[in-house]
Chemist: 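Handing you a structure now.
Throughout, residue positions are numbered sequentially from 1 according to the sequence presented.
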Amino acid sequence: MGNSALKAHLETAQKTGVFQLTGKGLTEFPEDLQKLTSNLRTIDLSNNKIELLPPLIGKFSFLKSLALNNNKLTALPEELCKLKKLETLHLNGNHLRQLPSAFGQLSALKTLSLSGNQLRTVPTQLSGLRHLDVVDLSKNQIQNVPDTVGELQAIELNLNQNQISQISVQISHCPRLKVLRLEENCLELSMLPQSILSDSQISLLAVEGNLFEIKKLRELEGYDKYMERFTATKKKFA
């Protein structure tokens, strides 16, 4: 891609606050974006071949949305965690194994998509994020859901298509969790905490494609309570 094309994109971005350059085979984060650290609200570099996100990402202090879906990222720099206004972060289809230790400092984050990476557990750093609404961790290599999940503030947690065989009972203590997706995992019915049904806020539990028949779920204690929440929520959205 030529410099003149990039220049045109930069000029547009300066006016709009949006820099979008997708599917252009970029192998690195465009350094010229540094000139726009105070302009940019949105950066979308999805469907490229970027392997590294440089530390300068931390300088975009007004950034609200960052999308790097389908690149070749194996790690994220700690500097990313300086983005105090970041509300939306899309990193689907990369090679990420973990999140930076300071990830909990992204205090404005509402939507986090990490589908199709190589995470092995639900990152503990997510528990500190007070405004999280939706967390998508589908299509990773997660095998268990740890106790720290009880502090997660998200409204929806998507764990579809992982290798989960164990879930901490603490998940039923999530204060705002309404939607829990666990389709296509390795759960035995006995490993599904019954408190999710009897004693949580969860009003939509998706568990198709595990190691039990869905009709067996209906025999569990607390299923009636879950159905009350499910029906009440359905009425609200109908």
Chemist: Can you name the closest pair of heavy atoms from L114 and L99 and give their distance?
Modeler: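 So the two residues come closest at CD1-CD2, 4.0 Å.
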
Chemist: Atom CE of M191 and atom SG of C186: how far apart are they, to the nearest 0.5 Å?
Modeler: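 Answer rounded to 0.5 Å: 11.5 Å.
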
Chemist: Considering only NZ, NE, NH1 and NH2 on the basic side and carboxylate oxygens on the acidic side, decide whether K215 and E213 come within less than 4.0 Å.
Modeler: yes

Chemist: Under 3.5 Å, side chain of E78 to main-chain N/O of A102, donor-acceptor pair present?
Modeler: yes

Chemist: Could you measure the distance from the CG atom of N70 to the CG atom of N94? Nearest 0.5 Å is fine.
Modeler: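 One finds 7.0 Å between CG of N70 and CG of N94.
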
Chemist: For the pair R229 (side chain) and I202 (backbone), establish whether a donor and an acceptor sit closer than 3.5 Å, ignoring hydrogens and angles.
Modeler: yes

Chemist: Show your working on salt bridge (Lys or Arg N to Asp or Glu O under 4.0 Å) between E79 and K59 and close with a plain yes or no.
Modeler: CA-CA 8 Å; E79 285 80 2; K59 295 179 180 167; over 6 Å; no

Chemist: Take atom CD in E219; do more than 12 heavy atoms of anything else shown fall under 6.0 Å from it?
Modeler: yes

Chemist: Yes or no on salt bridge (Lys or Arg N to Asp or Glu O under 4.0 Å) for R181 and D136, after CA distance, side-chain angles and deciding distance?
Modeler: CA-CA 9 Å; R181 301 187 187 280; D136 185 353; over 6 Å; no

Chemist: If you draw a 6.0 Å radius around CD in Q34, do more than 12 non-hydrogen atoms from other residues or ligands fall strictly inside?
Modeler: yes

Chemist: Would a 4.5 Å heavy-atom cut-off, applied to side chains only, mark Q153 and H131 as touching?
Modeler: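 Q153 vs H131: side chains apart.
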
Chemist: Looking at S172, is its backbone amide N or carbonyl O close enough to the side chain of D199 to form a donor-acceptor pair, meaning the two atoms are under 3.5 Å apart?
Modeler: no

Chemist: Is there a path of hydrophobic side-chain contacts, each under 4.5 Å between heavy atoms, that joins L119 and L187?
Modeler: yes

Chemist: What is the distance from atom CG of L192 to atom CD1 of I171, rounded to the nearest 0.5 Å?
Modeler: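 Reported value, rounded in 0.5 Å steps: 9.5 Å.
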
Chemist: Above 12 or not: heavy atoms from other molecules or residues under 6.0 Å from NZ of K178?
Modeler: yes

Chemist: Taking N117 for its side chain and L91 for its backbone only, find out whether a donor-acceptor pair lies under 3.5 Å.
Modeler: yes

Chemist: What distance do S115 atom OG and N158 atom CG have between them, rounded to the nearest 0.5 Å?
Modeler: 7.0 Å

Chemist: Give, for atom CG of L112 and atom CG of L129, the distance between the pair rounded to the nearest 0.5 Å.
Modeler: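 The CG atom of L112 sits 8.0 Å away from the CG atom of L129.
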
Chemist: Specify the closest pair of heavy atoms between F29 and L56, including all atoms of both residues, with the distance to one decimal.
Modeler: CE2-CD1, 3.7 Å

Chemist: Would a distance-only check, ignoring hydrogens and angles, find a side-chain to backbone donor-acceptor pair under 3.5 Å from R41 to K64?
Modeler: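 Answer holds: no.
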
Chemist: Determine whether L205 and F230 make a side-chain contact, defined as any pair of heavy atoms from C-beta on separated by less than 4.5 Å.
Modeler: no

Chemist: Quick one: pull up CD1 in I50 and NZ in K72 and give me the separation to the nearest 0.5 Å.
Modeler: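 Separation between the atoms: 11.5 Å.
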
Chemist: Could you check whether K7 pairs with D32 (Lys NZ or Arg NE/NH1/NH2 to Asp/Glu carboxylate O, under 4.0 Å)?
Modeler: no

